[in-house]
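One structure is given here, and the rest of the page talks about it.
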Amino acid sequence: MVEHIALDRLTGIIAFARAGSLGSYTAAARALSISPSAVSKSIQRLERHLGVSLFTRTTRSLTFTPEGRDLHERALRLLREAEEIEQAAMTARSEPSGTLRVAASLPIGLHLIAPTLPAFRRLHPNLAVDLRLGDQMVDMIEEGIDVAVRIGDLADTRLLSRKLAPHRLCCFASPAYLEERGTPTHPDDLGRHDIVNLRYQSTGQAFRWPFRIGDREIEIMPDAVVIADASDAVLIMLAAGGGIGMGASFMAAPYVKRGELVPVLSTFAVERNNVTVLWPASRRANPAVRAFLTMIDAAFIQRMAASSID
């Protein structure tokens, strides 16, 4: 007689697989949308049933025991097979439903995705959206993410990808600042102005400003009076009269529309085509993913049209 695996053991295997891949109970809990204590208890129950320890735990790290390392790949295979069943079921539906898990960098999430989700949900009322924002890269396969939107050229052979419409990088400042300090007419004039710049959270490096001068593109590193590691903080400071800064046109568009910012040195602005949508090949036919791709394409094109800096 074949013994049927208990539900709590399946829960433990899922928690074990995620914790092993992500390196902590907290990360596994976030990926599974449950509490860290629930992850811990599930794994403890699994260990008691198996009669082995799966992890060596310290206050700062989580590492496999020899038995845990051997079992982890098997647990991952089980999860992949379960996911294939789920995706096959979703593909059979014509209307998106269930939960769509979306990961995005903070600027993309705040300025592009979040404003469009209410209308998206009205179109697809049976679909829930789990939006996860952050500038740290995630492993979409391991964390069960359905679709991600990122800035930059990303390579992962396990993922399908699509570039969104190009956007422009331009300098911006508040009308009040320009009235007081004057408007630069060439990038060489920036040395006489207060500069607000961005520092990348991922590398700690300051953003180098690109400009198109004639048929050449150059980069400069202006001396900043304020530097921040969030692009929204840069825009907020610029709107408050903090100086001149550079940002993506789709992010600055709402400030420009409200009259809080105006483009500066727009004749030297450069175009970038590096906003990428990614999704696992297993989600290729998922109706929810297809609907999201259609929505994000249209939303980005609409935002680009609204953010013209010419």
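From a predicted model like this one, the values you see are computed outputs, not experimental measurements. One-based numbering along the sequence shown.
Within the 6.0 Å centre-distance limit, the rings of F64 and F55 are counted as a close aromatic pair.
Using a 4.5 Å cut-off between side-chain heavy atoms of Ile, Leu, Val, Met, Phe, Trp and Tyr, with links allowed through other members, L190 and I213 fall into the same hydrophobic cluster. Grouping the Ile, Leu, Val, Met, Phe, Trp and Tyr side chains by contacts below 4.5 angstrom, directly or via other members, places V129 with L106. When the side chains of ILVMFWY residues are joined at heavy-atom separations under 4.5 Å, either directly or via intervening members, I218 and L265 end up in a single hydrophobic cluster. By the criterion of side-chain heavy atoms lying less than 4.5 angstrom apart, applied directly or through intervening Ile, Leu, Val, Met, Phe, Trp or Tyr residues, L54 is grouped together with I13 in one hydrophobic cluster. Following chains of ILVMFWY side-chain contacts shorter than 4.5 Å, one can reach I113 starting from L100, so the two form part of one hydrophobic cluster.
Considering all non-hydrogen atoms of both residues, R272 and V270 come closest at NH1-CG2, 3.9 Å. Listed here is the closest heavy atom pair of P287 and P96: O-CG, 3.6 Å. When all heavy atoms are compared, the tightest approach of G109 to L133 is CA-CD2, 3.5 Å. Of all heavy-atom pairs spanning R168 and S266, the tightest one is NH2-O, 3.9 Å.
Note on R101 versus D130: no salt bridge recorded, every NZ/NE/NH1/NH2 to OD/OE distance being 4.0 Å or above.
More than 12 heavy atoms of other shown residues, nucleotides or ligands fall within 6.0 angstrom of atom CD in E219. Within 6.0 Å of CZ on R258 lie more than 12 heavy atoms contributed by other residues, nucleotides or ligands.
With contacts defined as side-chain heavy-atom distances shorter than 4.5 Å, the pair F211/C171 qualifies. The side-chain heavy atoms of F292 and L127, taken from C-beta on, include no pair separated by under 4.5 Å. Looking at heavy atoms from C-beta onward, V226 lies out of side-chain contact with I195 at the 4.5 angstrom threshold. L198 places none of its side-chain heavy atoms less than 4.5 Å from the side chain of D229. Side chains of I145 and R132 form a contact here, defined as non-hydrogen atoms less than 4.5 Å apart. For the pair N273 and E271, the minimum side-chain heavy-atom distance is 4.5 Å or more. Residues V256 and V262 form no side-chain contact, since every pair of their non-hydrogen atoms from C-beta on lies 4.5 Å or further apart. Residues F207 and M246 are in side-chain contact: their nearest non-hydrogen atoms beyond the backbone lie under 4.5 Å apart.
Using cut-offs of 30° and 60° on the angle between ring planes, the pair Y177 and H193 is tilted.
Remark: the backbone N or O of T294 is not paired with any side-chain donor or acceptor of D297 at under 3.5 angstrom. Remark: the backbone N or O of A17 is paired with a side-chain donor or acceptor of H72 at under 3.5 angstrom.
Listed by first then second residue, pairs satisfying side chain to side chain donor-acceptor pair (under 3.5 Å) with a partner in residues 115-126 read E95-H124, not counting sequence neighbours.
Side-chain contact check for H111 and D232: at least one donor-acceptor pair (N or O, by modelled atom type) lies under 3.5 Å. Between the side chains of N286 and W279, not a single donor N or O lies within less than 3.5 Å of an accepting N or O.
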- Would S24 and T26 satisfy side chain to side chain donor-acceptor pair (under 3.5 Å), going step by step from the backbone distance to the final call? CA-CA 5 Å; S24 75; T26 300; 4.8 Å; no
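Rounded to the nearest 0.5 Å, atoms NE2 (H167) and CG (L112) are 11.0 Å apart.
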